[in-house]
Amino acid sequence: MTQQTPPATSRLQRTLSYIIAALVVVSLLCIAAILIGTAVGGFAQQGSGQGVWPTVFLLPLIALPAAFVLLIVLLFVAGSQRSKAAKAAKAAAAIDTKGKR
């Protein structure tokens, strides 16, 4: 059985992965801030339309769907790269078998 090395990830894949992770982490931190602020009572004192709260509320509403869309893009990019690698391996195997005859 031959060992296959996994294809190297491209710069685009790494960048998309880091952006997705950052968006999800920031969104989770905002959700935690909303929960903590509500539990402590700071939210009721400050009101939802003042200070930093509008940003804290709006960020997860935008960042989580954006992370989902970027995750789908990442899957397509990875799939196309694996498809190209499989085609190249198949072509190399065909050339190798012709050379051994």
Side-chain angles (χ1 to χ4, degrees):
M1 181 182 275
T2 63
Q3 288 184 336
Q4 294 180 353
T5 58
T9 58
S10 67
R11 180 178 287 175
L12 176 64
Q13 288 177 334
R14 284 192 307 268
T15 304
L16 283 173
S17 299
Y18 289 133
I19 290 172
I20 292 167
L23 287 173
V24 170
V25 167
V26 168
S27 295
L28 291 177
L29 288 175
C30 287
I31 292 170
I34 292 169
L35 292 173
I36 293 169
T38 304
V40 172
F43 173 72
Q45 292 173 355
Q46 198 174 32
S48 63
Q50 299 173 354
V52 72
W53 289 110
T55 305
V56 172
F57 276 120
L58 190 60
L59 194 64
L61 293 174
I62 296 171
L64 287 175
F68 182 72
V69 169
L70 289 176
L71 183 64
I72 292 172
V73 169
L74 178 63
L75 288 173
F76 280 120
V77 169
S80 67
Q81 182 182 4
R82 292 185 85 184
S83 174
K84 287 178 186 178
K87 287 179 184 176
K90 189 175 181 180
I95 292 172
D96 187 40
T97 57
K98 285 182 183 178
K100 289 185 178 181
R101 286 184 183 179

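Remember, predicted model here, so these are calculated numbers, not experimental data. Position 1 is the first residue of the sequence; numbering continues from there.
Between the side chain of S83 and the backbone N or O of G79 there is no donor-acceptor pair closer than 3.5 Å.
Transitive grouping of hydrophobic side chains (ILVMFWY, heavy atoms separated by less than 4.5 Å) brings F68 and F76 into a common cluster. Linking ILVMFWY residues whenever their side-chain heavy atoms come closer than 4.5 Å, directly or via other members, leaves L61 and I34 in distinct clusters. L75 and L16 fall into different hydrophobic clusters, where Ile, Leu, Val, Met, Phe, Trp and Tyr residues are linked whenever their side-chain heavy atoms come under 4.5 Å apart, directly or through other members.
The shortest non-hydrogen separation linking C30 to P60 is CB-CG, 3.6 Å. The minimum heavy-atom distance linking A63 with S27 is given by the pair CB-OG, 3.1 Å.
I19 contributes atom CD1, which lies 12.5 Å from atom CZ of R14 (distance to the nearest 0.5 angstrom). Atoms CG and CG, on L28 and L23 in that order, are 11.0 Å from each other to the nearest 0.5 Å. Atoms CD1 and OG1, on I20 and T15 in that order, are 10.5 Å from each other to the nearest 0.5 Å. We find the OG1-CH2 distance between T38 and W53 to be 6.0 Å, quoted to the nearest 0.5 Å. The structure places CG of L74 at 8.5 Å from CG of L70, a figure rounded to the nearest 0.5 Å.
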